[in-house]
Trainee: 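Mind looking over this structure? Questions follow.
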Amino acid sequence: MHCTRGLGQHSSQHASLASSLHRTRLARKCSSKVAAFTLGNSRFSTSELLLHAQKRVLVTGGSGLVGRAIQHVINEEGGGKDGEEWIFLSSKDADLMNKEETQAVFQKHKPTHVIHLAAMVGGLFKNMRVNLDFWRNNIYINDNVLQAAHEVDAVKVVSCLSTCIFPDKTTYPIDETMIHNGPPHASNFGYSYAKRMIDVHNRAYFEQYGRSYTSVIPTNVFGPHDNFNIEDGHVLPGLIHKAYRAQKEGKPLVVWGSGTPRRQFIYSLDLARLVLWVVRDYNEVEPIILSVGEEEEVSIKEAAEAVVRALDFKEEVVYDTDKSDGQFKKTASNAKLMRYLPNFAFTPFEKALKETCDWFVANYDNARK
Amino acid sequence: MASQNGSVLMRVLVTGGSGLIGKAIEQVVMRDGEKREGEQWIFISSKDADLLDLEQTRAVFEKHRPTHVIHLAAKVGGLYLQMRENLHFLRDNLRINDNVLWTAHEMGVTKVVSCLSSCIFPDKTTYPIDETMIHLGPPHESNYGYSYAKRMIDVQNRAYFAQYGHRYTAVIPTNVFGPHDNFNEAEGHVLTAIMNKTYKAKRNNTTLNVWGSGKPLRQFIYSMDIGRLMVWVLREYDEVDPIILSVGEEDEVSIRQAVEMIAEALEFKGKIEYDTSLSDGQLKKTANNAKLRRYLPDFTFTPFREAVKLTCDWFVKNYDHART
């Protein structure tokens, strides 16, 4: 899938700039570890190039929950900027677990920036079944993407972590400095360790090559285009799908677990807007948590009740306490984000949930379930 | 015990077979009489397969059809090399380990024993460290690439057990040294690098220059002792959780003490200088060998001074083809 936006008057000049770039081996000699490029007899630093705002952004996992949200913000909300070209990839374009296919797609598009969302993901119960697959597949995808990005001289990669990868035994709220301070929750240790390794890779690419590869850490994301599969999906889309079916069948909504665990939910469209800001303006290699504040944390029970309201669900709600709860809480601090963007306004939870439910009902036939 | 027709009951593939520990296992098994009837031992090195390449890994497993694997192959190196190349240590070791473990799984290998190291433990920690503490915090900055990649072996072992019931496990030696080690001054580990330097300083009548202050403390374990212990782990240790293979805490020595023993072993009488402008690495990594002692209360380690002498003697005798 392809999307080009706002190249404006400079397109031909910048296109030739992009096609005639070649990297000189100056990175190690520059005191500030900034790569240099030559064009004819002129030499441009990376920062100068970025000032000219020619960005070709490759989004892996472009057809997923967050990828679709970014597409929506770029295409429908005027979120793109002049000089930016956006390319959204999905598994149809390349199997990122395969090194050759990954390199081919990077060579084809030669991105300057990458938003790396592609991963093997799933809810609690799927993770518990196949931790090894979650570890292996994600390690491969991430290594292939970061190395391919490095080889085409992409100046920035923004990867996607998750608050579920933090240490299980910890103080709250968790923050960006705490990722590696202890083992993650046992239920999804494969996924968690694979994701943590992205942060380790980022630091190593910076030390060795001066790359500004970084990552974001969202809390529980939800929205249109999610995976609404009940066995494998995450909690909110799972609840939405279950409630929709239960309503049709005149049966109770059965919530797995006790309903007491607590989560911070972030709407995919809010996350997309924040990721765009990270790609453009966040320059640290250390990751950044993207989440609503701690005070917005809700219990699964409260979330279920909100789904009931959003779908106008009329039957009973029951809790199957034989099923696992997963982690009790993962409360994350968004203080770092608030320092950078004190005025960012999140979509209110009820409104975001209503939009998601409306989307699901309207798109039931095509929704991933 | 072999069956009547002499069929093979255990075929062990040792990756990294030409390295320090591989050679020690080979010595122990093939020449010191540890091999049992019905066992076949195959030692492979990078000449036989580049384990960074999945197809080559598969080919060598298919050729030998092992029932068991001792997985020693890795990209390894001393402090200064690691500090320069954390990314390569991370990526290469992740790949080698996944290729070996996954191929072992595909081929129905019963058991894999991989090799970790006490240098991968959390930097900020209480001492002594034990097997339960591997993941309790970030490793030392100097070699985080290697450390994380090695830690992931333990993660994989647990995942292979959870998903497939495989009993893949790992050992955690402290600082190993011995014949066939890497004696390169810049890239080898501390003891053997110093042996090389001392040898040269003696030959050239110069000062022995030791990097760092000499203060860091280490538990050194002779490669032959590791060899014998790893054979025991392969045969008898059934846990998926790793086991530390080390001398006791009471046998920890400082680099300075080690230098003095090496000088004595090589009869070096010249001046010794400590260059304190260079990094010391971790000050201590004291490991607890209580788990090993519970399993093998009577195991006798080669005394350190003797092991140093044996290694120095080997080095002098084999100087021309030693890895320097």
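Below, chains carry the letters A, B, ... as their sequence lines are ordered, and counting in each starts from 1. Side chains are part of it too, since the values below use all heavy atoms of this structure and drop only hydrogens, waters and symmetry mates.
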Trainee: Could you tell me whether B:Glu141 and A:Arg203 make a salt bridge, using a distance below 4.0 angstrom between a side-chain N and a carboxylate O?
Mentor: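 Between A:Arg203 and B:Glu141 there is a salt bridge, with a charged N closer than 4.0 Å to a carboxylate O.
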Trainee: B:Asn86 and A:Ala204: which non-hydrogen atoms are nearest, and at how many Å?
Mentor: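 The answer is C-CB, 4.4 Å.
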Trainee: Could you label the plane-to-plane angle of the A:His180 and B:Tyr148 rings as parallel, tilted or perpendicular, counting under 30° as parallel and over 60° as perpendicular?
Mentor: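 It falls in the tilted class, 30° to 60°.
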Trainee: Where does B:Arg158 contact chain A at under 4.5 Å (heavy atoms): side chain, backbone, both or neither?
Mentor: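 For B:Arg158, the contact with chain A is made by backbone and side chain together.
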Trainee: What residue, out of A:Ile179, A:Asp133, A:Leu132, A:Asn181, has the most heavy-atom pairs lying under 4.5 Å from chain B?
Mentor: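 Ranked by contacts with chain B, first place is A:Leu132.
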Trainee: Which heavy-atom pair separates B:Val155 from A:Phe189 by the least distance, and what is that distance?
Mentor: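 That would be O-CE1, 3.5 Å.
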Trainee: Is chain B contacted by the side chain of A:Phe134, its backbone, both, or neither, given a heavy-atom distance below 4.5 Å?
Mentor: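 It is neither, since no heavy atom gets under 4.5 Å.
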Trainee: So, taking the atom named CD in A:Gln208 and the one named CD in B:Glu85, what distance separates them when rounded to the nearest 0.5 Å?
Mentor: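 With rounding to 0.5 Å, CD (A:Gln208) is 5.5 Å from CD (B:Glu85).
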Trainee: As an exercise: rank B:Met133, B:His135, B:Arg151, B:Lys124 by heavy-atom pairs under 4.5 Å with chain A and give me the winner.
Mentor: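 Ranked by heavy-atom pairs under 4.5 Å with chain A, first place is B:His135.
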Trainee: Taking the side chain as every heavy atom from C-beta outward, state whether B:Leu87 and A:Glu207 have any pair of such atoms under 4.5 Å apart.
Mentor: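 Side-chain contact under 4.5 Å: no.
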Trainee: Testing the basics here: between A:Asn131 and B:Gln163, what is the closest heavy-atom pair and its distance to 0.1 Å?
Mentor: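 In terms of heavy atoms, the two residues are closest at N-OE1, 3.6 Å.
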Trainee: Within this structure, what is the CG-CG distance for the pair B:Leu90 and A:Asp143, rounded to the nearest 0.5 Å?
Mentor: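 The distance works out to 7.5 Å.
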Trainee: First locate atom CZ of B:Arg91, then atom CD1 of A:Ile139, and finally report the distance between them rounded to the nearest 0.5 Å.
Mentor: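 That separation rounds to 11.5 Å.
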Trainee: Mind checking whether B:Leu94 and A:His201 have side chains closer than 4.5 Å, heavy atoms only?
Mentor: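 When only atoms from C-beta onward are counted, A:His201 and B:Leu94 do touch, with a gap below 4.5 Å.
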Trainee: Is it the backbone or the side chain of B:Leu136 that comes under 4.5 Å from a heavy atom of chain A, or both, or neither?
Mentor: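 Contact with chain A is through both the backbone and side chain of B:Leu136.
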Trainee: Tell me, yes or no, whether the heavy-atom count around A:Lys329 atom NZ, taken from other residues, nucleotides or ligands under 6.0 Å, exceeds 12.
Mentor: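 Yes, NZ of A:Lys329 has more than 12 neighbouring heavy atoms, counting only those of other groups under 6.0 Å.
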Trainee: Which bit of B:Phe161 comes within less than 4.5 Å of chain A, counting heavy atoms only: side chain, backbone, both or neither?
Mentor: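 No part of it gets close to chain A.
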